[in-house]
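A note on names: the letters A, B, ... follow the listed sequences, proteins ahead of strands, and every chain is numbered from 1.
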Number of protein chains: 2
Amino acid sequence: MSKSHKRSGVSLAEVAKAAGVSKMTASRVLRNASGFSAETRDRVMREVERLGYVPNRIAAAFGSEQTSTIVGVCVPHLSSTLYGTVLDSINHAFSRFGYQTIIGSHENEPEAEEAWVRNILSWRPAGVIISGRTHTTATIELLKAQAVPIVEIWNLNTSPLDISVGFNHYDCGREMGQYMLSKGRRRIGYVGAEANAPGMGAARLEGFEEALRASDRPLATKEVLIDRPGFYAGFYGTETVLNRAGDIDAIYFQDDAMAIGGMFYCQSKGIDIPGDVGIAGWGSMEVASVIPQRLTTTAVGTQSLGKSAAEALISRIRGEPVDDVIVAPTRLVPGNTV
Amino acid sequence: MSKSHKRSGVSLAEVAKAAGVSKMTASRVLRNASGFSAETRDRVMREVERLGYVPNRIAAAFGSEQTSTIVGVCVPHLSSTLYGTVLDSINHAFSRFGYQTIIGSHENEPEAEEAWVRNILSWRPAGVIISGRTHTTATIELLKAQAVPIVEIWNLNTSPLDISVGFNHYDCGREMGQYMLSKGRRRIGYVGAEANAPGMGAARLEGFEEALRASDRPLATKEVLIDRPGFYAGFYGTETVLNRAGDIDAIYFQDDAMAIGGMFYCQSKGIDIPGDVGIAGWGSMEVASVIPQRLTTTAVGTQSLGKSAAEALISRIRGEPVDDVIVAPTRLVPGNTV
DNA sequence: TGCCATTGAGTTACCGGTAACGCAACCAAA
DNA sequence: TTTGGTTGCGTTACCGGTAACTCAATGGCA
């Protein structure tokens, strides 16, 4: 099959000519602007239908910069359910309002994000959504120079570049620390994983440590694997900390996947949960609710976060007033693993 | 903060003037085309740097239709790890080759896909990737009329619109059916879930049923929940089929998440796996490898599928020869649950 | 009846790049 | 020296829409 990459499409001018009106009138009909009669509209639409006209948004965006409906969204990666859910709700909100989402993933490498930003800005997007707390200075300068609306998601940022919509990770960690202490845990460890630079669990760990310190029960041990957070990493991270500090009575995991990995490690070794070791995660993974023991975790509103982020960006684009800092909901869910 | 949505950017003309060359020469330098001296290149690049020039791809794509670097990818949804992994590897491959990925999700509703296609085509993409076997006739006509390179992913399609890269779901199902029979299973049930129309597990079920029929052990019972496939659905679907047909000795699940839900249902009821009931899934979820019993499943190369799909599309775009039908790898992984 | 506001169009100019072509300067081979 | 190819760069003409403006016809109201 030989595909012709030539300019093939029907243009607005052809539609207009066929309908016996000017390009401008046809344009008005298609954008549903005012200034045409019902009869004219029908004539134009009939030709649109007949000729199979597909509007050319590249040309439209080019001709009147106001109308770019592209938004860029860059998350750490696309394969995790957590970010996937966020992306899904962002994309839904955007498509409902007629925006197209261009995605990117940076694998927690600020340089990859910078490259993505450079790229996306060349499409003159109506707005961009970026994630995490770490951006290169070049990234920030590029975004500022283009004066493009920005939403930073995931981590709450009280002095955002533009708008921040995120979870209060610090408070999540602190709350869980206090909870574990309240359940009588005294020697507590932490297991996390980060493939590249700073990692998305850092703020939770900070809050968690702070809570323990405040009660004079500082973190007993910490293991942050150089790996993608996941079931495996949780499994082996648990093995590591238990071998290193066999007397700990609880482990806080970076997320539920790791916590579940840890639970199964314990199960495989005959370690009783929560009798011997208490376990807590973060993120309210679905699988956590079908396993025999309900995992103590923090439920997070990823959908809510995505929706808020998209809606805040749209408001900003439209010049409507928006809150600069929006906290996405989280809630400690006591299970029976601590 | 008042964001100006005005035409702000530095244009190529300004860069060219500052560098004392023509627009065309500056354009050549930036596209790394030939026809300029090293000295000219340095002069231009210095001004690019100094003025913070960000190329305008909208204009570039508009001016010379050949150069649109947008590709569209539409999957059922973005929140599952399975599609997420595919999307991730597609996106990686594309960004390595300088393409921008615009995403869409259709939730298994062909009409949603049609709307997305209509939208994406107005961006004159270099190519599109769609998924599943069900498309509206309007979708197909639109794509054909625009003569845009297309890759259909997920389901293998032996007579594709353009290119098909997919798993051979039918064979996966058939192979698993034969395997379960070979392990002495005789009364076998199926548990699946589909939120909307046709569902992505249908072809596997067909192959599975065929294998059972061929051995005169037809499917004993089938439960397809009207729900998103997941741990919950697997849990409750298992409850349903076991209550309905308590004498079945094995269940084939639509995917691993459902199978794991089913395993935990059995565990909660004291039903021995594989003693009382054998269980098999599909998709090689990571969590399946940390639970105490290794789940019998079919490992699928989602990354490989994504990479192949992206590379095939790029080859097609470039006019290089490509196979029309590419099978992504799958492999039955015997665990100890059947 | 005369005047002005409204409606339904058309005209013109432009957005910021790139393709295609032109052309002078230079160099190597005949 | 002539010829022909290459190199380096400029000129021109668009790509397909939309903003801003203009203008004639219409109709309501004083």
I need the [atom1]-[atom2] distance between [X] and [N], as an integer number of Å.
X        : N      : atom1 : atom2 : result
A/Trp123 : C/dG17 : CH2   : P     : 13 Å
B/Ile58  : C/dG16 : CD1   : P     : 12 Å
B/Leu12  : C/dG17 : CG    : C1'   : 7 Å
A/Asn56  : D/dG17 : CG    : P     : 5 Å
B/Arg57  : C/dT18 : CZ    : P     : 10 Å
A/Arg124 : C/dC15 : CZ    : C1'   : 12 Å
A/Asn32  : C/dG8  : CG    : P     : 13 Å
B/Glu39  : D/dT7  : CD    : P     : 18 Å

Check: A/Trp154 and A/Val75 side chains under 4.5 Å, non-hydrogen atoms:
no
Backbone N/O of [Y] and side chain of [X]: donor-acceptor pair under 3.5 Å:
X        : Y        : value
A/Ser89  : A/Gln303 : yes
B/Glu152 : B/Leu161 : yes
B/Thr139 : B/His135 : no
A/Asn56  : A/Ala59  : yes

Side chain of B/Arg28, base of D/dG10: donor and acceptor closer than 3.5 Å?
yes
A/Phe62-C/dC15 aromatic stacking (under 5.5 Å, under 30°):
yes
Below the 4.0 Å mark, does [N] have OP1 or OP2 next to a side-chain nitrogen or oxygen of [X]?
X       : N      : answer
A/Ser37 : C/dT7  : no
B/Ser22 : D/dT11 : no
B/Thr40 : D/dC9  : yes
B/Arg31 : C/dA19 : yes
B/Tyr53 : C/dG16 : no

Through what angle, rounded to 10 degrees, does the axis of the helix from C/dT1-D/dA30 to C/dA30-D/dT1 turn between its ends, using five pairs per end?
40°
Quick one: on DNA chain D, does B/Gly35 or B/Gly63 contact a more 5' nucleotide (nearest heavy atom)?
B/Gly35
Quick check: on DNA chain D, is the nucleotide nearest B/Phe36 upstream (toward 5') of the one nearest B/Ala59, or the reverse? Name the residue that is more 5'.
B/Phe36
Just wondering, are more than 12 heavy atoms of other shown residues or ligands nearer than 6.0 Å to CD in B/Glu49?
no
